[in-house]
Amino acid sequence: MNLNLMKLCASALAVTAVTCGVERLQAAGNDACYSAFETYDGDDLELVVDAKGTHFALWSPEAQEAKVIIYPTDRNSTPVDTMVMTRGEKGVWRASVPDKLYGRFYTFSIKHNGKWLAETPGVWAKALGTNGERAAIIDFKTTDPEGWNVDKGPSIKNINDAVLYEMHHRDFSVHPSSGIVNKGKFLALTEHGTVSPAGDKTGIDHLKELGVTHVHILPSYDFNSVDETQLPSNRYNWGYDPVNYNTPEGSYSTNPADPQARIREMKKMVKSLHDAGIGVVMDVVYNHTALNDDSNFSLTAPGYYYRHRADGSYSDASGCGNETASEREQMRNFIVNSVKYWAKEYHIDGFRFDLMAIHDTTTMNDVVKALKEVNPDIFVYGEGWTAGDSPLPVGQRALKDNVAAMPGVAVFSDDIRDAVKGHYSDATDRGFATGKPGNEETVKIGIVGATAHPQVDYSKGNNSKKPYALAPTQVINYVSCHDDLMLTDKLAKSMPDADTAGRQRADKLAQTIIFTSQGTPFIFAGEEIFRDKRGVHNSYKSPDSINAIDWTLKSENGDIYNYYRELIALRKGHPAFRMTTADDVARHLVFDDVKGEPNLISYSLKDYANGDSWKEIKVVFNGSEETKKVKIGRGEWLVVARDGQLKSDGMGHIKGGNIEVAPCSALILAKEK
């Protein structure tokens with residue numbers, strides 16, 4: 001998420017003073033009010049149904065009273081019971097009944113400073129009715145699809161064995177050309193045999209054919225901006241406005257009023273992807289909430305879960321009206337146990353943290369530790385920046401520059417992103433792949449996965465002036481994602497005089513750099529068929545006419561699609577592109593002296609790097625508009641990529657010597673032995 005997403009959070013409420021008072025905050029500091037709070041790390045918060053009945057538990061250490069309100073339906077009904085809760089140890093209020101209240105709905109309410117606050121489903125609601133206003137009591141075993149007990153995602157040894165594909169549920173399936181029945185729903189990814197009007201594979205079959213290993217789905221928890229009672233209105237949103245963190249979004253289900261439907265259908269989606277050999281990465285937004293004073297956090301423990309300024313107003317490093325306080329024990333426990341819940345209950349294979357630097361490094365390390373105990377193959381990555389300043393000390397933030405303090409976490413590389421295509425903040429700015437000189441050293445920073453390398457001069461880097469990754473496994477390489485201009489639109493705006501063929505050459509070169517660099521490659525859905533969003537960079541609430549993938553483009557841009565397929569196959573087939581240690585990168589990746597030629601980079605992956613079947617791989621990038629010559633060692637070389645064409649298993653042989661590299665293209669050669 002970037003600063004443009006501030007508009008997303010217009011629903012955030014006005015600034016208010018925090019519970020313990022402005023004077024006390026000013027006198028004693030941001031955490032003074034909360035340091036003495038009792039915290040609770042048990043696993044029974046919210047709701048447990050067992051042989052002894054239904055048990056409610058709410059953490060609210062400053063509440064004077066608390067109650068549970070039971071409803072017969074998810075909305076438009078009066079309570080059938082109100083249960084007084086009793087305060088126990090560690091700030092937890094409890095109430096129980098001897099019956100299993102399956103089929104009922106509930107909310108909590110607390111009395112605070114002499115006033116009863118609005119009803120809330122609590123922060124731990126795991127099943128919800130329409131719009132997430134009332135929590136539901138269900139038997140989760142009934143939501144498991146057939147074979148769920150043996151369901152498992154793909155096994156990958158290291159994160160950089162993954163090929164990440166970022167997608168929004170609605171974008172991927174809603175266009176009429178998708179051939180998908182359950183458009184915009186979780187179930188869209190369970191439909192096989194779907195094709196475009198030209199007969200090309202769409203949906204999950206397309207993903208399998210393309211060869212990606214994991215889909216990164218945009219927020220899929222219950223968010224604020226889509227009214228689930230008005231789904232025919234087709235209101236669109238990315239979902240970076242969290243309300244209930246532990247339940248799937250109802251608008252992606254076939255029936256938001258049925259608490260089981262959204263859970264069962266999301267699980268079916270996950271299992272369908274797993275059956276196709278594809279993992280699921282969930283985009284999580286624990287850094288802020290859609291609402292301030294009326295959020296579920298504020299209605300259960302007012303003030304505690306957020307950071308505040310000295311005057312009592314909400315701190316706002318998210319650019320969305322507030323920021324959560326991960327350094328406080330109960331918030332940290334919430335984040336850690338929430339991702340752990342998604343991993344266990346929904347078999348999620350990885351997590352992408354939005355504005356991760358709002359969180360502290362200790363929390364992120366705890367997240368990784370907890371997830372690895374659930375599944376050793378799970379991985380974690382995130383945005384190593386904030387959208388504004390924060391009271392959290394810079395040294396504690398989960399920043400890109402602090403990733404060395406988080407060995408199990410990866411961060412997005414804005415270095416390679418901006419150097420390859422041009423700076424994200426200037427639509428007309430060009431980069432290495434579009435003919436602008438001066439980005440060579442920053443591209444090399446990306447090629448070595450932001451690790452220390454004897455041939456890379458970090459002082460010439462555009463964004464980073466020193467190595468920040470302990471290993472290439474800590475870097476996610478990309479040129480575009482859901483926000484800012486996607487690659488196709490960036491090329492159109494920065495290369496206004498180029499024809500489609502010229503922009504597609506730049507597209508191929510840009511993605512070749514991404515997929516052959518050390519680190520983990522990441523692409524945005526539809527880039528592989530040259531999709532655009534009509535130049536809209538912040539399409540978080542734009543209509544389907546902007547966001548939907550038109551699947552007729554797959555046949556129109558078949559050359560681009562086949563290039564992406566071969567690029568993915570090349571990377572997956574050759575571990576030289578997937579080294580896991582900085583030492584290996586420094587030893588096996590050797591840059592050639594190109595004598596200061598602008599927009600030209602040449603290097604070799606030597607000595608069967610990382611156990612590769614090829615003895616040496618020569619990679620040359622020519623981002624200029626002129627043909628360049630490079631010197632290639634003697635002997636016979638397999639041609640893998642040349643002049644805008646690529647075939648992962650080769651397309652003939654050439655002899656070494658002075659070899660021409662066409663304008664705006666990559667040359668990849670392999671010495672097989």
*Passes side-chain contact (heavy atoms from CB on, under 4.5 Å), T39 versus R328? Steps please.*
CA-CA 9 Å; T39 54; R328 294 180 193 155; over 6 Å; no
*Determine, step by step, whether E345 and K267 satisfy the salt bridge (charged side-chain N to carboxylate O under 4.0 Å, His left out) criterion, reporting the C-alpha distance in whole Å, the side-chain angles of both residues, the deciding distance to 0.1 Å, and the verdict.*
CA-CA 9 Å; E345 184 66 35; K267 287 180 176 179; 2.6 Å; yes
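D293 and S298 form no side-chain donor-acceptor contact under 3.5 Å, judged by distance and modelled atom types alone. Looking only at atom types and distance, the side chain of T361 has no donor-acceptor partner in the side chain of N402 under 3.5 Å away. A donor-acceptor contact closer than 3.5 angstrom links the side chains of T130 and D74. Between the side chains of D354 and N287, a donor-acceptor pair is found at a separation under 3.5 Å. A donor-acceptor pair shorter than 3.5 Å can be found between the side chains of E323 and S315.
Salt bridge R104/D81: absent, no basic N to carboxylate O contact under 4.0 Å. The pair D227-R235 does not meet the salt-bridge criterion, since no charged nitrogen lies less than 4.0 angstrom from a carboxylate oxygen. Using a 4.0 Å cut-off between charged nitrogen and carboxylate oxygen, E38 and R87 count as a salt-bridge pair. Of the charged side-chain nitrogens involved, none lies within less than 4.0 Å of a carboxylate oxygen, so that D389 and R309 do not count as a salt-bridged pair. Taking 4.0 Å as the cut-off between side-chain N and carboxylate O, D360 and R332 count as a salt-bridged pair.
Looking at heavy atoms from C-beta onward, L47 lies out of side-chain contact with W124 at the 4.5 angstrom threshold. With contacts defined as side-chain heavy-atom distances shorter than 4.5 Å, the pair E383/R352 qualifies. Two residues are said to be in side-chain contact when any heavy atoms from C-beta on lie closer than 4.5 Å; Y236 and I546 fail this criterion. Under the 4.5 Å side-chain criterion, counting only non-hydrogen atoms from C-beta, E265 is not in contact with K185.
Seen from the ring of Y71, R134 counts as a face-on cation partner, given the 6.0 Å and 45° thresholds. Judged by a 6.0 Å distance limit and a 45° cone about the ring axis, K126 is positioned over the six-membered ring of Y341.
When the shell of 6.0 Å around NZ of K268 is examined, it contains 12 or fewer heavy atoms from other residues, nucleotides or ligands.
Outside the 6.0 Å centre-distance limit, the rings of Y165 and H214 are not counted as a close aromatic pair. Ring-centre distance between Y304 and W59: below the 6.0 Å cut-off. For Y106 and F56, the gap between ring centers is short of 6.0 Å.
Taking each heavy atom of L189 and L207 in turn, the nearest pair found is CD2-CD1, 4.0 Å.
Of the inter-residue distances, the one linking S326 atom OG with Y305 atom OH reads 13.5 Å to the nearest 0.5 angstrom.
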